[in-house]
Amino acid sequence: MYEFALNYLYSFLKDNFDLDNEKISHKLDHTFHVVDNAIYLCNDMGLSEEDKELAKLIALLHDIGRFEQAKQMNSFREDIKNFDHAALGVKLLFETGEIRSFIKENKYDEIIKKAIERHSKYILDETGLNQKEILHSKIIRDADKIDSFRAKTTEDIFAMSDITAQDIESSKISDKVFNDFMNEKTIFSKDRKTGIDIWISYIAFLFGLEFKSSLRIIEKEDYINKLFNRFDYTEESSKMETLRDKAMEYLNVKLNYICKIASIDEVIEKYNYEIEHSNDNKENWIIWKKEALDRTKSGKSVPYYGILNGKIICEATAALDRSVVQNADGLADADTAYLFAFRTIEEFRGKGYFSILFKFMLEDLIKRGYKNVTLGVEPEDIANKAIYSHYGFSQFIKSAKEVYPDGTEIEVEYYGKKLY
């Protein structure tokens with residue numbers, strides 16, 4: 001499949017484009033690097049030979065629209081004329097029937113088409129895609145971004161982006177670009193106002209990578225530091241170091257932070273930590289430890305832990321049996337899990353670790369067949385109420401009192417949300 005398409009690609013490009021043109025040759029070189037990246041991702045994730053062949057073919061064709069763009073505009077800057085090379089590629093392949101020159105059978109057409117048209121989108125919209133289409137859309141998006149990091153470390157920046165080193169080094173970072181980067185977002189083309197904005201947007205591709213396999217390449221090749229080190233930022237050196245720190249922190253978290261269902265030994269370790277660090281509440285923690293172990297061993301609750309570099313830094317628990325839930329009516333049943341014991345070690349708060357764990361927990365509960373989740377919060381805890389509302393807990397269920405082991409009573413408001 002791939003070799004057949006490769007043979008035709010050479011004749012297609014020779015007949016339609018000037019292969020000596022710097023931008024055309026750059027894009028052809030990029031294409032083959034993306035193919036190599038797709039092979040790596042498929043191998044690293046243990047995908048089938050069929051998927052590997054398909055991923056290679058998509059990688060070979062993903063930028064077919066770029067060649068025509070370079071021919072028409074002599075530029076790859078899509079923000080200048082609102083150009084969409086992915087849409088053009090789909091048009092060239094499928095509206096003209098050219099796809100049949102690259103691959104005779106049509107069984108993969110929808111996967112190829114959807115992957116190519118989505119490969120450069122700001123965010124992958126999975127609406128209407130099946131699992132195979134989602135997989136190959138993610139593979140080509142990552143394979144493409146990985147090579148962008150490689151190219152940006154060494155190749156001529158003007159040939160790639162129509163900006164010079166001076167444009168980057170002597171310009172200011174727009175507030176929107178800086179804030180989006182700090183919030184771990186990729187950058188919209190329309191939000192880039194200066195040369196350094198454009199450069200930062202390339203580094204922000206980091207936040208759009210889908211697979212841990214991709215992140216490992218970024219770490220292995222030290223692409224983040226290479227890109228930050230490539231230019232002297234005479235106007236924004238301090239801000240660029242702040243962005244570098246954010247990128248390196250993000251990479252470390254993604255590679256070394258894991259979410260999992262805790263083992264009994266991990267539950268013991270976590271509660272021993274809480275007991276050791278408690279002040280006036282030690283007796284309660286000792287009882288809570290016994291209750292947690294009993295619930296976990298019996299399967300009446302599931303503890304979820306976030307672990308960074310081997311250290312348990314946050315946790316959440318889902319009660320699956322109403323017998324372990326205070327005020328259980330309306331909070332826990334065959335379709336509804338009650339969530340509690342949300343804790344993050346102080347130095348790791350506000351950095352997104354718990355949000356990742358929370359998403360992991362909800363995904364696991366969906367797999368277990370649960371349709372709803374509930375939780376409780378003290379009325380005066382305005383900050384957490386706002387967070388839970390952001391998570392979708394907008395359905396007020398009731399108010400009631402909960403009792404600690406030492407007899408302390410607290411007022412609790414309960415909220416719920418549907419999982420699907």
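Just so we're clear, the structure is a prediction, and the values are computed from it rather than from any experiment. Both backbone and side-chain heavy atoms feed into the values below; hydrogens, waters and symmetry mates do not.
- Between Phe358 and Phe342, a ring centre-to-centre spacing shorter than 6.0 Å is recorded.
- A donor-acceptor pair under 3.5 Å links the side-chain atoms of Asn179 to the main chain of Asp175, judged by distance alone.
- A salt bridge does not link Lys367 to Glu363: none of the charged side-chain nitrogens sits closer than 4.0 Å to a carboxylate oxygen.
- For the 3.5 Å distance criterion, the side chains of Arg118 and Ser137 fail to qualify, holding no donor opposite an acceptor.
- Ionic pairing of Lys260 and Glu266 is present here: one or more N-O contacts between side-chain nitrogen and carboxylate oxygen are shorter than 4.0 angstrom.
- In this structure, Leu243 CG and Ile224 CD1 are separated by 11.0 Å, a value rounded to the nearest 0.5 Å.
- Taking the six-membered ring where tryptophan is involved, the planes of Phe393 and Tyr388 are perpendicular, since the angle between them exceeds 60° and thus also 30°.
- Annotation: cation-pi geometry satisfied between Lys239 and Phe178 (NZ/CZ under 6.0 angstrom from ring centroid, within 45° of ring axis).
- Expressed to the nearest 0.5 Å, how far CD of Glu126 lies from CG of Leu124 amounts to 5.0 Å.
- Of the charged side-chain nitrogens involved, none lies within less than 4.0 Å of a carboxylate oxygen, so that Lys172 and Asp197 do not count as a salt-bridged pair.
- Taking the six-membered ring wherever Trp is involved, the centroid distance between the rings of Phe231 and Trp199 falls below 6.0 Å.
- Seen from the ring of Phe207, Lys185 does not count as a face-on cation partner, given the 6.0 Å and 45° thresholds.
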- request: For the pair Thr408 and Asp406, evaluate side chain to side chain donor-acceptor pair (under 3.5 Å) and give the outcome as yes or no after the intermediate values.
  value: CA-CA 6 Å; Thr408 300; Asp406 64 2; 2.9 Å; yes
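- No more than 12 heavy atoms of other residues, nucleotides or ligands shown are found within 6.0 angstrom of NZ on Lys359.
- Two rings, from His30 and His62, have their centers less than 6.0 Å apart.
- Between Tyr8 and Phe102, the ring planes lie perpendicular to each other; the angle is over 60°, past the 30° to 60° tilted range.
- Side chain of Tyr122 to backbone of Thr186: a donor-acceptor contact under 3.5 angstrom is found.
- Screening Ile140, Val35, Val34 for a side-chain contact (heavy atoms from CB on, under 4.5 Å) with Ile58, the sole residue that qualifies is Ile140.
- Side chains of Asn229 and Asn225: a donor-acceptor N/O pair is absent below 3.5 angstrom, by distance only.
- Between Asp364 and Arg368, at least one side-chain N (NZ, or NE/NH1/NH2) sits under 4.0 Å from a carboxylate O, which counts as a salt bridge.
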